[in-house]
Every structure is written in C-alpha cells, then in structure tokens.
Amino acid sequence: MSADYDPQEIESRWQATWEAQGVYRANEQGGEPYYLLEMFPYPSGRIHMGHVRNYSIGDAHCRYLRMQGYDVLPPIGWDAFGMPAENAAIKNNSHPGTWTYANIDEMREQLQRMGLSYDWDRELATCHPGYYRWEQKIFLEMLERGVAYRSKQWVNWDPVDQTVLANEQVVDGCGWRSGAPVEKRELESWSIRITDYAEELLEALDQLDAWPDAVRAMQRNWIGRSVGARIDFKVDGVDDLEPVTVFTTRPDTLLGCTYMALAAEHPLALDLAQRAGTTAAVEAFVDQVQAEKNSAGHGEVKEKKGIFTGMYAQHPLLDRKIPIWIANFVLMDYGTGAVMSVPAHDQRDFEFARAYGLDLVPVIQPPDVDEPLVPETMEAAYEGGGQLFNSPGFDGLDYEAAKTAISERLQTMDRGGPTINFRLRDWGVSRQRYWGCPIPVVHCGTCGIVPVPDDELPVELPQDVSFSGAGSPLADHPTWKHVDCPQCGTPAIRETDTFDTFWESSWYFLRYLDPRNETLPFAPEAVAKWFPVNHYIGGVEHACMHLLYARFFTKFLADAGYFETREPFERLTCQGMVIKDGAKMSKSKGNVVDPNEIIDRYGADTARLFMLFAAPPEKELEWNPNGVEGSYRFLKRVWRLGLAAAELPNTPLPETLSKADRELRRSTHWMLKKVSKDIEQHLHFNTAIAAIMEHMNAVNASGLGGELNVHPAVAREAIILSVQALAPFAPHIADELWFRLGGDTPLINCDWPPVDEEAAAADEITIAVQVMGKLRGTVQVPVDAGKDEILAAAKADANVQRHLEGKTIIKEIVVPGRLVNFVAR
RNA sequence: ACGAGCGUGGCGGAACUGGUAGACGCGCUGGAUUUAGGUUCCAGUGGGCUUGCCCGUGGGGGUUCGAUUCCCCCCGCUCGUACCA
C-alpha cells in the first residue's frame, strides 16, 4: 500500500467489496423504510455531467440516511424506449434494441465507476416485455374505465420524428426532441382523460409542501383553471345545427357582445360558410391561417385578421343579431375554439372590432369615471370592474354579482351556465413509431375496438422489422398487424401505434418496488412498505410533463383499486443544470466535459465532492476545472492526515484536556453537528463540506503528521469523525481510511456518530460591541456570562470607551451570545 | 404581458427566527521547501484613506438601537407560459 493517494486503486477495490457484500440491497437493513428515487436515465450511450450531479446528490442523501439507520431503497433503471434508438437503427441498419442494450451496458459500467449505492437487483429497462406488459394492462384498465379513448382530432405532428406529440411536448412551436416546427394534422388517435383529474391535480398541489414552489407554480399555470360561464349561441335562421358554445370568464359583459369569432379549425367554420355561400373566401382564409401557423410556429405580434362567414348568431339575452367571424387569434386548443366578442371590454376584441368596423357596446362603467363610456371615443377596451349599464335586466349590478346573475339566468334558460375551464388538454398518447410499447388493442371490422385479452399480454414488438425512416415500421410490417379478432375470430388488424414514451416513466417508480413480479405489476405488500416515494430528485425540465403524468397515473391507479396513495412523490428536489462558461453543456457549443475523463484523472470521489461542494443542489453549477483541482487537493490532504492519524497510538481520551485539546474537540464536534444539520434541513451539502474543510484546517494546525500539539486520542477522534462525516460525499476514500483507522464494517452500514454536545460547546465566546449600531470592538466572555458581566466587559473595551466619551447611554441592548449595542447621545 | 425566482469580492458561493457581511473553495500576492516545473506548507487578499475610521450585499425610500434579511417603488437577469377569451 503506497503512501500516495491513489483514487483509482482505492475506488475499484471498494466498489468490488461493496458489491460482494451486497451493502446496497434494500429490505435487508431493518429500520424505517425510505424510498429515495432519482429520475432514471435515457440510455443515450454515455452519462453526462447532469447525471453525475443528479446521482451524486441522491447518493449522498442515501448514504447519510443509511448511516441514520433507515432502510433505504435506491433503485436505478433505464427509460429505454424512444426515438434516438430508432434513428440509430435507421442509420446503422440494425435493431433499436441492440443499440439500446449496448448503451445500457456501457452506462451501467459508468455509473458503477462512480460508486453509487444502487440496488442493482432491481434494475429494469422499460423496453423489456416483462416491464411493458404491465403498462399495457394498465392501459386496458383505463380503456375499461373510459379514461382512455380514441378520437379524431387536431394533433401536433412532428415532421422529423414522423409522429404525434402531446401539447406538453411542443416547446415554442417545435418538437421537444427533434426541434422541428410542429404541424397541425387531423388524425385518429388515442387520448387519456387526464382532464378528468385536472381539479385534483391542481388542488393537491397545495398539499405538496416539500415540492419547490416553482414547480408547483408551473403545474398550476399549466393546468390553468378559470372560472366562468359556458354560453350557447344559436345560429340565426338555421334549425339543423347545434348552437355555437363559447367559454368566457366575463359573463358580466355578455350584453356588450357584438360579434363572435371562431378559430380557423373550428368544425363549424366551413359549414357556416357553405350555408352563407362564402365558402371560397373562407376556405382561402382558413388555409392562410393554417399556413401561417405551420411556418411561423409562434408568431407573437401577429396582426389580427378575420373574415365574416356571412352567418349570424342570436344573442341569448337580447334581440340582437351577432355576426359570426373567423379570426386568426382564436385558439382551437383553448376553451371551445369560439369566443363571444365584447370589444368594449376586451382588448383583443377591441382591436379586431376597430380593424373591421364592428360595433362597440360598453356595458361596464369604471367606478372612478363620471361620464358613461362612449364607443366612439374609447381608445382601448376597459377590462376592469364596475357597475353594469346598457344591460337590460342587470343594470346597476356590480360586475362580480352580474357574473353570477347572468350565468344563472342562462342556466335557467338552458342556454349555458356557470362552468370551470381548464387549459390542460387530454393527453394524446399515440405515436406512429416502432421503438415504444404497443397499444394493446385490435381493430375488428365487426366488433370495433377490442382489447387484447389478459392472457395474450404482452403484445410484443416484432423483432424482424425494417426501417425506412418514413412511416410507422409497425404499420409497414408485412404480417405483425394481422391477427384474428379476440372476440369473433374474424381477421382483424392490430393497433400499430405505440405509446408516448412518457407512458413508461409514469409508473416505473412502482415497478421498482417489485420488479420481477410475473403475475402483478407490483405486489400490494411492496407498495405498502415503500410507497409513496419519500424523496425524488431530478431536473426541472419535467415539471409539466413527466411529473404531471406520474401524478395522474398514481391517481388513476388509486381509483382502480391498486392502493390508497394519491400522490407519488412526497418531497421533490430539482437540481440545477451543470453549465460551463455560462452556458449549458452541449455538443454544439463544444463545452462538454466528459465525466469519464474526470474520473480517470481524479477519481469518482473528487468528481462527486466537487459536484456537491460547488453549489447547493437546486442552483446552477458552473463547471470549474480549478475547483475540481481544489476538491482533489482537499482529498489528498484528508488522505495525508488520515494516514498520519492511523500511525498514532489508539488510546482513550485523557481525563484532563489541554486548551488545545478542548479547541480541537470543539472543532470536531461542531463540524459533525453542522454536517448533520445542513444535510437534514436543506440538503445543503456545499456548506456541510465546507464545514469539514474548515475542521480539517484546524486538524492540520494541530501538527498531525509532525509535531503534534494535542493528545493523540484527540487527533484520532478529529480524523475519525471527519472520515465518517465525509462518507456520504466521498465514500471510497472514507472507507479506506476508516479501515486503516481500525474500522471493520463499511461506513454505509455504520451508525452516524453522535455529537458530544459538551465538547462542541465553547467555553468562551466572542461578543460584538456596537455603539449606535456600528461595530466598535469585540470582547471575549465566558459562555455562561450574565448580562452584567457582558456589559462590563463591553464598556471596558478601549475603542468602545472612546466612542462613548462625552455621551450618555440611553439604552443598552444585549443579545445573548451575539452582541451588545449601546445607544448613546 | 402574466407567473415564479434571482441580484453579495476578480469567480463559485456563506450568513440561523433581523444581530460582527464575505464561512469554505477557486483565483491572485508574498514567503518557505524544490535544480526547475509540479506538489506541499505558511502569511495576506471587498474598496478607500489620514491605521481606526469612512464606504460597501442592483438603485431609491421606509420600519428598527441594528437590515443581505422585513415593507414600498424602480432597474437588471434567468426560467416557465404565452392572443388562455
């Protein structure tokens, strides 16, 4: 054994030892169960710094909890379905599974090199039929309960990935993965009624107080609940049409409605045009809007444009004919795709009305204005509150009261009524790709949609498949889709769509609990023991996608009787990005640092320590090569001092301690206390590590390794407790030194050492002395000094005296253990 | 535009429920060891000057004996959503 710190040798040796002893296996440690989860990686080929950070945070917490006596479940697996595998298959003319499994092998090795404490016995890959058969079963339950449905609808089409995307997966008008501008297409596809859970998904956020506020706010906005009214407008002079329904948050302004506007994609748009004989013009307009949406993606400051259909609606409360327009600013995705326009009280409607010379009827009088609003002189819509006028039957009402009154009136007339609208849309889960989980239904000419019977699950992906790059490989497969209908036995066609890959990650945390179960997705006992997840760690980018879907799945499974728990993640930590030179690491910017190189050069302990030290988990972390060097230097120092301590005689603490002994023991136990506190309160590993560093500076000053100026037992204690405190962050070096200092059990299986409160307490403290709030000196007093003693000491300070000279003390403020402030005139 | 968050030395970041601003690390300066580089160790390191004082936590105001911390206004940056009816 060499005297130099050799991380490679130490780390590989300890990793082998830990594995041989199975120290990470959950369920075998006794103690209170604690489910600690980190977002599982997509097997892209190599781990990146984001993974290193995520998993270093989780592992530090895991090891700390283990030392606190918890039975920790720290699983890992692979989010293994997805487009990159299919793209690689197209490129290399191979199978996506080959690519995926090879990547998994490589990444597993990389994770193991980091010395992470995963229970590898529970490893899972979502592309394995043993995994996905259960999500097929869950889907069939959704189908049975009416939560899954098939419909023709306008969908987001990613022209590069050749598939449909959910709303959440469209970022700035582009596909979240491909980055290509998304097109709108009308397609028959599968959707999930996540909107049935909108209210609960929203309300339950209030209870998730161990989640970051930012994530809760994002979900709240995403779900977007608004209270208002649904109002039906009958189309004038037509009997065979359903009324046009609008949603509004301002039913109080209904009497000021002077026209309606439909989205270009509104199902009635062309119908109305046909009836009015304006088809050509309207079609041209609709095409133009469509084209603009496709090309511009999100043109923000777009000119408001519209076209009159030629048809009118009846105002539900007035004898007023309301022209029906089609307008480019009305969204089909929100509300009903149609709006009632009140130009006097809505800025968008106002601009549109001015552009096309439409009427304005003001109906709300601003409270601070005396003269009534006049349409001709209005320069902008008045969107505030006030009293109603111009509103027969409701004049004089306050607008808030009018909202209720008008909604209720509509309800009694059967022309609408109060309603709550959500921005959240149902979750479109159909993907026209191969490398995903097959949707387990059969389309039969006679029976319609037939679920695949339980005993035929899983519906497995065919292995012999060719990838042209265009179109769905499953639909193009010569035989796979042809089956007999499970119900009537006649020839039928399999569903060739696969699930959105967020489907897999919506429940993987449950499968980890019982990953090899062949008769159930997870056993109730396992769920009872571990679920919900106590602490979930991952990136914020999933705030409105994965985290929302997973919450939904949990609620559905609870309703389906699997368990009682309705929220999957008790506590959530979203770690910040790893950046370099102020920018996110990316291949295109050329600022990527490969974790392998860092581990080769400094070892995993250094890489992990730096990740945890450089910033608190939730903040961005700037990758700084000099900082890594600093962490390495610190570990080398720990190594040197640790070896020196191992040379010391192992004697008990002496009866009487010198001043230096007491000071070093104070440093030791202060450090230990601080590390526990920082981890427990906020997972602030950075300050915990800083405390260890500070303490090591004190140990170094004790002359360890040279002229020792403290009792050997005190020095040994100072090192031993440091090694234990370091175990969550740099586990390899900690165990190595621990054993050299006489330990015989890996630290993860040892108890966190107790703080000697008496030793941690100082016998003298420094008190700041202020005169008129300004610092004029500091004095040393015994910890147990009374108020009078402290005041006397403060007044004795020469500089303080100078500042008090010629003044009368009006007030003496004493903050015990902190400071004294003299208010003097 | 709305919602959330942030703003502290040259840099990353500390500061408990209002109580010595800048812990710890990086960088930098000087010194010791070394043939040299590296390593390691010691000392210093917010700014200013008159060396015990002034200024200093994005800017301005307020509350307080005392404000990085609480309140109001403004500026800047980041993230999210974005014509949400």
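Convention: sequence-line order gives letters A, B, ...; per-chain numbering from 1.
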Integer-rounded Å distance: [N] [atom2] and [X] [atom1]:
X: Ile692(A); N: G25(B); atom1: CD1; atom2: C1'; answer: 14 Å
X: Lys673(A); N: A23(B); atom1: NZ; atom2: P; answer: 22 Å
X: Phe613(A); N: G12(B); atom1: CZ; atom2: P; answer: 14 Å
X: Trp623(A); N: C26(B); atom1: CH2; atom2: C1'; answer: 14 Å
X: Leu775(A); N: A67(B); atom1: CG; atom2: C1'; answer: 16 Å
X: Met671(A); N: C24(B); atom1: CE; atom2: P; answer: 15 Å
X: Leu641(A); N: C41(B); atom1: CG; atom2: C1'; answer: 12 Å
X: Leu424(A); N: C84(B); atom1: CG; atom2: C1'; answer: 13 Å

Have a look at [X] and say if it touches a base, only the backbone sugar-phosphate, or nothing, with a 4.0 Å heavy-atom cut-off.
X: Val339(A); value: base
X: Asn697(A); value: sugar-phosphate
X: Thr778(A); value: base
X: Arg640(A); value: sugar-phosphate
X: Glu812(A); value: nothing
X: Asn421(A); value: nothing
X: Arg776(A); value: sugar-phosphate
X: His803(A); value: sugar-phosphate
X: Glu694(A); value: sugar-phosphate
X: Val330(A); value: base

Between Glu351(A) and Gln347(A): side-chain donor-acceptor atoms closer than 3.5 Å: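 Per modelled atom types, Glu351(A) and Gln347(A) side chains form a pair under 3.5 Å.
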
Report yes or no: do Asn709(A) and Ser702(A) form a side-chain donor-acceptor pair below 3.5 Å?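 No - no donor-acceptor pair under 3.5 Å links their side chains.
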
Which nucleotide, [options], lies nearest any side-chain atom of [X]?
X: Leu331(A); options: C84(B), G12(B), C55(B); value: C84(B)
X: Met693(A); options: C24(B), A85(B), C65(B); value: C24(B)
X: Asn626(A); options: U20(B), C83(B), G27(B); value: G27(B)
X: Ala614(A); options: G52(B), C83(B), G12(B); value: G12(B)

Charged N to carboxylate O below 4.0 Å: is that the case for Lys403(A) and Glu400(A)? yes

Cationic N near anionic O, under 4.0 Å, Asp213(A) to Arg220(A): no

In terms of base orientation, is G47(B) syn or anti, with the syn window spanning 90° either side of 0?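 Classified anti.
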
Against Val244(A), only a single residue in Thr336(A), Leu262(A), Asp232(A), Ile231(A) fulfils side chain to side chain contact (heavy atoms under 4.5 Å, CB included); can you say which?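 Testing Val244(A) for a side chain to side chain contact (heavy atoms under 4.5 Å, CB included) against Thr336(A), Leu262(A), Asp232(A), Ile231(A) leaves exactly one candidate, Leu262(A).
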
Duplex segments of RNA chain B, taken as runs of at least three Watson-Crick or G-U pairs that stay under 3.5 Å: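 Stems (3+ consecutive pairs) listed as B:1-7 with B:75-81, B:10-12 with B:24-26, B:27-32 with B:40-45, B:46-49 with B:52-55, B:58-62 with B:70-74.
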
Its contact letters, B for base, S for sugar-phosphate only and - for none at protein heavy atoms under 4.0 Å, make nucleotides 3-11 of chain B read SS-------

With rounding to the nearest 0.5 angstrom, report the [atom1] to [atom2] distance, [X] to [Y].
X: Leu254(A); Y: Thr248(A); atom1: CG; atom2: OG1; value: 8.0 Å
X: Arg216(A); Y: Asp206(A); atom1: CZ; atom2: CG; value: 7.0 Å
X: Leu635(A); Y: Ile733(A); atom1: CG; atom2: CD1; value: 5.0 Å

Using the [atom1] atom on both, measure [N] against [M] and round to a whole Å.
N: G7(B); M: C54(B); atom1: C1'; answer: 25 Å
N: G37(B); M: U45(B); atom1: P; answer: 26 Å
N: G61(B); M: A23(B); atom1: P; answer: 29 Å
N: U8(B); M: G46(B); atom1: C1'; answer: 10 Å
N: G66(B); M: G3(B); atom1: C1'; answer: 35 Å
N: G19(B); M: U69(B); atom1: P; answer: 11 Å
N: U33(B); M: U51(B); atom1: P; answer: 35 Å

What residues from residues 630-638 of chain A pass a heavy-atom cutoff of under 4.0 Å to RNA chain B?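 Gly630(A), Arg633(A), Lys636(A), Arg637(A) - these, ordered by number, are the residues of the stretch whose heavy atoms sit under 4.0 Å from the strand.
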
Between [X] and [N], does any side-chain N or O lie under 4.0 Å from OP1 or OP2?
X: Arg818(A); N: G66(B); value: no
X: Lys580(A); N: G12(B); value: no
X: Ser341(A); N: A85(B); value: no

Any idea how His546(A) and His542(A) line up, ring-wise: parallel (<30°), tilted (30 to 60°), or perpendicular (>60°)?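 Rings of His546(A) and His542(A): perpendicular, as their planes differ by over 60°.
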
With under 30° as parallel and over 60° as perpendicular, where do the rings of Tyr356(A) and Trp325(A) fit, or are they tilted in between? tilted

5' precedence on RNA chain B between Asn686(A) and Asn700(A) (nearest-nucleotide basis):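 The 5'-side residue here is Asn686(A).
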
Closest-nucleotide ordering on RNA chain B, the 5'-leading residue of Ala768(A) and Gly773(A):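 Counting from the 5' end, the first nearest nucleotide belongs to Ala768(A).
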
Residue Lys795(A) excluded, over 12 heavy atoms near NZ under 6.0 Å: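 Atom NZ in Lys795(A) is crowded, with more than 12 foreign heavy atoms closer than 6.0 Å.
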
If you count heavy atoms of other groups shown closer than 6.0 angstrom to CD of Glu707(A), is the number above 12? no

Please report the C-alpha distance between Tyr5(A) and Thr606(A) in whole Å, then the side-chain angles of each, then the deciding distance to 0.1 Å, and finally whether the side-chain hydrogen bond (donor to acceptor under 3.5 Å, both in side chains) criterion is met. CA-CA 12 Å; Tyr5(A) 174 45; Thr606(A) 296; 4.6 Å; no

Ring-ring centroid check Trp427(A) Phe502(A), cutoff 6.0 Å: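 No, the ring centres sit 6.0 Å or more apart.
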
Proximity of Tyr259(A) and Phe352(A) rings by center, below 6.0 Å: yes

